[in-house]
Amino acid sequence: MAKEYDFKATEKKWQDYWYNNRVFEVSEDTKKPKFYALIEFPYPSGSGLHLGHIKAFSSMEIIARKKRLEGYNVLFPIGYDAFGLPTENYAMRTKLHPRQVTDRNIEMFEKQLKSIGYSFCWERTVDTTDPDFYKWTQWIFLKMFEKGLAYKSHTNVNFCPECKVVLANEESQGGVCDRCGSDVVQREKDVWFLKIRDYAEKLLDGLSEVDFPERIKIEQQNWIGRSEGAEITFNVKEKNNLHSCQLEVYTTRPDTLYGVTFLVVSPEHPILDEFAQYIENAEEVLAYREQARNKKEFDRLNMNKEKTGVVVKGIFAKNPVTSAKLPIFTADYVMLGYGTGAIMAVPAHDQRDWDFAKKYKLKIIQVIEGGNIKEEAYVAKDSGRLINSPLINGLTVKEAIPKMTGYLKLRGLGGPKTDYKMKDWAFNRQRYWGEPIPIINCPHCGQVPVPFEELPLKLPELEDITPTDDASSPLSKCTDWVSVKCPKCGADAKRETDTMPQWAGSSWYFLRYMSPQDANFAVNPDAYKYWGQVDWYNGGMEHVTRHLIYSRFWNRFLYDIGVITHKEPYARRSAQGLILGSDGEKMSKSKGNTVDTAEVLDMYGADVLRAFILFLGDYEKPAPWQADGIKGCVRFFNRIWNLTDLLSDKPCDTSDLNLDALIKKVDDDYESVKFNTAIAAVMTAVNTIYNRGLVTLNEFKTILLLVYPIAPHMTSELYHNVFNGYIEQEMFPQYDELKLISDTVEIPVQEAGKLRGRIVVPVDSDEATVIKEIKRLGIIKNRKITKSIYVKNRIINLITSVDWVDSFKDD
RNA sequence: GCGACCGUGGCGGAAUUGGCAGACGCGCUGGACUUAGAAUCCAGUAUUGACAAGAUGUAUGAGUUCAAGUCUCUUCGGUCGCACCA
């Protein structure tokens with residue numbers, strides 16, 4: 001009987017061995033193929049590693065360990081996305097410096113990650129809050145500024161009164177703050193933006209050359225939200241012709257231009273200011289604007305709500321094709337941020353316009369055949385026919401759209417226009433713990449970049465880092481730091497006091513891993529030439545519309561300015577599903593359904609924890625935690641541990657276990673993120689061996705190597721005990737294609753689709769042989785086979801009829 | 001409202017992509033070894049049936065097919081994303 005497996009001692013022993021001997025540290029080695037496996041680096045929060053981290057990291061851990069056994073030079077780095085609000089808030093509460101908090105948390109994370117046995121390249125660890133790192137974050141920002149992609153603009157922004165920061169669109173979905181859940185309010189502010197919209201088309205195109213799950217591509221496409229339409233120019237006049245100007249509207253349905261009966265502009269629309277002195281009910285209009293501004297975004301977006309609006313008296317618009325006079329409304333169902341902030345309303349064919357027209361008793365003109373516009377708007381399909389539209393009568397919608405757009409363009413009344421839902425990226429926070437934006441505001445020269453040589457522009461030491469109520473950055477309190485001479489003209493100037501948002505560092509960290517210490521380049525060109533693109537990136541679905549888009553954007557920008565040579569940062573991306581509480585709900589402290597990682601680790605060890613998390617179910621789908629189920633993995637590993645008792649050099653019959661098929665199954669499953677079925681396959685093999693009672697040395701070694709990526713501690717120990725070497729110096733098992741097929745095959749016999757029995761025949765047997773065997777075994781009695789469908793080596797299905805002669809013969 | 005995904009035993013989940021439904025694991029039942037068992041091993045475990053032949057069975061109802069968990073349509077239920085996007 002083998003000695004008890006002491007997981008605590010064994011795991012400690014191998015972790016010490018790996019980390020002290022730099023087993024996973026790598027350098028560029030052109031003699032070996034490279035493989036870059038990446039996980040989303042963690043935010044080093046005070047609560048430490050949770051099960052989700054372990055699930056997220058374990059997939060790439062398995063791939064990294066496997067690829068090394070396959071002869072790849074594997075870059076599998078780790079780092080910390082350490083700027084951010086939780087650290088800052090905690091620091092304020094405890095009167096510690098965020099630096100101290102961050103360092104302490106990073107230290108804790110490193111210890112915890114090492115206790116799981118991850119094979120990270122520890123010497124390449126990056127920390128986004130390290131000035132040597134954020135020097136290059138600032139450098140990239142300045143490059144964007146240089147190219148006109150970073151600009152400051154005075155606008156209405158989403159503001160969280162609780163966190164006291166401006167939020168990006170991505171962070172205020174549903175009108176609530178992404179982080180604290182408070183209602184977001186609108187505020188006017190000077191805000192830095194990155195022109196991600198300029199990259200909308202490139203970000204869409206890039207999706208076709210990467211291997212991402214379809215759902216991720218779709219989410220990104222929806223987020224970018226490309227729509228093809230037209231911009232149409234309407235003339236707007238004061239009723240006595242005292243003032244006029246042009247108003248652009250955006251529409252995807254220029255074919256319905258004859259059906260326009262009014263225009264609607266968003267309450268913030270500048271045309272209301274343009275005509276301010278002529279608007280007869282200016283007070284009412286301004287009051288409405290004020291009301292819309294103060295409305296919580298959530299209410300404004302709640303579309304069950306009845307539509308409201310105000311007619312703008314004293315001005316009207318002219319339909320460019322009919323010259324009809326159109327009233328102008330302002331209503332909050334039109335958003336300033338999308339299109340032109342103004343629409344042409346076609347109540348006959350748009351439900352929102354229809355609702356509005358009904359409420360305010362406006363004209364409804366049908367221009368496409370069909371539906372019943374007295375009851376509801378008729379949203380026509382491509383094949384609908386135009387009516388009441390002299391220029392395009394009789395055409396289908398599909399034909400009418402380009403014709404109308406072309407007509408408008410010819411007359412200078414508009415033309416085709418592509419629009420995107422994605423807005424420019426609000427790129428600043430009014431908080432301390434972030435990268436300072438390296439810009440100097442000079443009274444003479446305007447915005448002047450901090451010279452490259454002066455980077456990193458370090459965060460100044462600051463006694464009080466609390467944000468101010470007027471929503472300006474705590475850095476503004478640090479007057480020594482703020483006051484500076486303009487690098488251009490030498491005049492007294494002031495530093496930008498806003499910091500970058502948390503997403504900045506993570507937008508390019510994967511490049512820094514390639515040459516983390518390089519003092520001259522964000523990414524060293526030689527290192528980049530070798531490591532290049534990330535081969536496989538695993539992360540969460542929650543980052544698909546933020547981090548994943550932002551980092552693709554930065555990567556593409558760096559490509560455009562010649563810093564790097566791959567358009568896309570990640571060749572392949574996978575996404576783990578959440579681990580839910582045992583009640584099937586999302587884990588949360590308030591629900592009390594969380595699992596203490598340290599406790600599980602202490603009770604069962606790292607190998608079991610890693611294996612069980614992957615065994616829970618489909619890796620890419622959410623799965624509830626099953627506290628009892630972990631025993632299955634404990635037993636499985638104990639059985640592997642005790643296989644040494646069954647080791648034998650005597651020849652034994654191994655025909656019950658097709659080792660080549662097992663290798664192929666596990667290999668394929670690892671590569672396609674199906675860890676649960678890979679583990680199940682090895683479990684089956686181990687069960688088979690136990691039933692047999694003996695295991696060959698070759699089988700034993702193969703099983704160790706197959707399980708090694710998941711359970712490296714135990715398999716290292718077993719390998720060392722039995723083979724006297726280091727398992728990581730072995731090769732991953734290879735399978736022989738020829739041995740995947742045995743000489744005989746079992747074929748199910750169906751009668752009209754119902755299973756009647758099974759026969760064993762030589763591989764590739766023809767139909768006659770199979771039927772002969774079926775008759776020999778008497779599987780089909782008393783019936784005559786009238787038809788048979790035979791799929792070679794798979795199945796045979798017989799259609800039969802009762803045949804008395806046959807039945808007598810059989811008797 | 002739009003988009004994507006999903007619904008399989010007591011539970012988590014498998015199913016070579018149209019070809020033996022329920023792999024593997026938990027739990028449960030019985031047995032073995034034990035003073036003992038939360039250890040370990042063996043056997044059984046979808047439902048129904050004389051625990052025999054068989055019949056039924058993948059949310060629902062229809063359809064395609066020699067053959068449907070898998071494809072098409074219907075209804076119901078759930079998860080996620082976007083959302084007055086013009």
Side-chain angles (χ1 to χ4, degrees), chain A residues 1 4 173-175 213-223 225-227 229-230 249-253 256 264 266 300-305 307 331-335 337-346 349-353 355-356 419-422 541-542 544-545 577-578 580 582 584 586 612 615-618 620-636 638-639 642 665 668 674 676-687 690-691 746-758 786-791 793-799:
Chain A
M1 189 66 192
E4 258 322 273
Q173 294 172 30
E214 207 46 39
R215 59 183 173 147
I216 291 185
K217 290 191 181 185
I218 290 168
E219 255 190 57
Q220 293 217 342
Q221 279 161 5
N222 289 346
W223 187 258
R226 181 193 158 101
S227 87
V249 307
Y250 178 73
T251 178
T252 53
R253 298 295 305 279
T256 59
V264 187
S266 73
R300 182 158 167 185
L301 295 184
N302 181 358
M303 65 174 206
N304 295 328
K305 174 186 67 78
K307 295 198 170 22
D332 62 8
Y333 80 91
V334 175
M335 306 285 146
Y338 185 73
T340 60
I343 62 158
M344 57 179 222
V346 185
H349 304 292
D350 181 292
Q351 193 59 44
R352 289 157 303 175
D353 299 342
D355 293 342
F356 195 81
D419 208 352
Y420 304 93
K421 285 187 209 171
M422 182 170 69
M541 282 307 285
E542 68 276 20
V544 166
T545 51
L578 285 179
L580 306 170
S582 38
K586 223 179 239 183
F612 183 57
F615 188 64
L616 278 175
D618 185 337
E620 309 217 80
K621 288 200 193 114
W625 177 257
Q626 301 243 287
D628 287 339
I630 199 165
K631 284 181 206 152
C633 286
V634 174
R635 286 175 192 153
F636 170 53
N638 280 337
R639 280 158 76 87
N642 290 322
K665 169 76 179 158
D668 290 353
K674 291 159 86 176
N676 55 336
T677 49
I679 294 169
V682 182
M683 283 174 167
T684 310
V686 170
N687 291 346
Y690 266 86
N691 286 336
E746 190 186 67
I747 292 189
V749 179
Q750 291 183 336
E751 188 179 3
K754 296 219 159 68
L755 185 69
R756 290 294 178 226
R758 299 184 175 88
T786 52
K787 190 181 173 186
S788 74
I789 298 96
Y790 173 54
V791 183
N793 300 331
R794 271 282 171 75
I795 198 163
I796 184 160
N797 192 11
L798 304 169
I799 309 303

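A, B, ... follow the sequence lines: proteins, then strands. Residue 1 opens every chain. These values consider heavy atoms only, across backbone and side chains, with no hydrogens, waters or symmetry-generated copies.
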Integer-rounded Å distance: B:C5 C1' and A:M541 CE: 10 Å
Pairwise 5' ranking along RNA chain B for A:I343 and A:K754, keeping only the more 5' one: A:K754
Take atom P in B:A67 and the same atom in B:A39, then report the distance between them in whole Å. 49 Å
B:A21 versus B:U56 - spacing of their P atoms, nearest Å: 13 Å
Got a list of protein N/O to nucleotides 65-70 of chain B N/O distances below 3.5 Å?
from	atom 1	to	atom 2	distance (Å)
B:C66	O2'	A:N797	ND2	3.0
B:C66	O2	A:N797	ND2	2.7

Classify A:E746 by what it touches in the nucleic acid, base, sugar-phosphate, or nothing, heavy-atom distance under 4.0 Å. base
Shortest non-hydrogen pair, A:I799 vs A:A752, comes out as CD1-CA, 4.1 Å
I'd like the P distance from B:G19 over to B:U74, given in whole Å. 24 Å
Pick the P atom in B:G9 and in B:U48, then give their distance to the nearest Å. 14 Å
What does the B/S/- profile of nucleotides 23-31 of chain B look like, 5' to 3', with a 4.0 Å heavy-atom cutoff to protein? BBBSS----
When you measure from the side chain of A:R639, which nucleotide among B:C41, B:A4, B:C20 comes out closest? B:C41
Determine the minimum heavy-atom distance between A:E219 and A:T545, stating which atoms define it. OE1-CG2, 4.0 Å
Specify the separation, in whole Å, of atom CG of A:L580 and atom C1' of B:G13. 14 Å
Could you tell me the separation between the OH atom of A:Y690 and the P atom of B:A43, rounded to a whole number of Å? 14 Å
Between A:Y250 and B:A86, is there a contact of a side-chain N or O with OP1 or OP2 at under 4.0 Å? no
A:E219 CD to B:C80 C1', straight-line distance once rounded to whole Å: 8 Å
Rounded C1' spacing from B:G77 to B:A38 in Å: 39 Å
Between B:C84 and B:G69, how far apart are the P atoms? Round to whole Å, please. 42 Å
Name the orientation class of the two ring planes belonging to A:Y333 and A:F356 (parallel below 30°, tilted from 30 to 60°, perpendicular beyond 60°). tilted
Backbone N/O of A:N638 and side chain of A:N642: donor-acceptor pair under 3.5 Å: yes
If you assign each of A:D618 and A:R215 to its closest nucleotide in RNA chain B, which residue comes earlier from the 5' end? A:R215
For RNA chain B, which ranges pair as stems of 3 or more consecutive Watson-Crick or G-U pairs, with both donor-acceptor distances under 3.5 Å? B:1-7 with B:76-82, B:10-12 with B:24-26, B:27-32 with B:40-45, B:46-48 with B:54-56, B:61-63 with B:71-73
Any idea which of B:A4, B:G81, B:A86 is nearest the A:M335 side chain? B:A86
A:N691 has a side chain; which of B:A14, B:C42, B:A86 sits nearest to it? B:C42
Atom-to-atom span, CD1 of A:I218 to P of B:G3 - whole angstrom: 11 Å
Check: A:K307 side chain, B:C84 base, donor-acceptor under 3.5 Å: yes
Specify the separation, in whole Å, of atom CD of A:Q351 and atom P of B:G1. 12 Å
Option passing side-chain contact (heavy atoms from CB on, under 4.5 Å) with A:I343 (candidates A:V264, A:T251, A:D350): A:V264
What is the distance, rounded to the nearest whole Å, between atom CD1 of A:I747 and atom C1' of B:G19? 11 Å
Any donor-acceptor N/O pair, A:N797 side chain to A:I789 backbone, under 3.5 Å: no
Can you tell me, in whole Å, how much space there is between the P of B:A23 and that of B:G44? 12 Å
Once you round it to whole Å, what is the distance between C1' of B:C5 and CG of A:L578? 14 Å
Any base atoms under 4.0 Å from A:K674, or only sugar-phosphate, or nothing? Heavy atoms, all strands. sugar-phosphate
Would you say B:C85 has OP1 or OP2 under 4.0 Å from some side-chain N or O of A:R352? yes
P atom, B:G31 versus B:G37: distance in rounded Å? 12 Å
Okay, side chain of A:Q626, backbone of A:L616: is any donor-acceptor separation there less than 3.5 Å? no
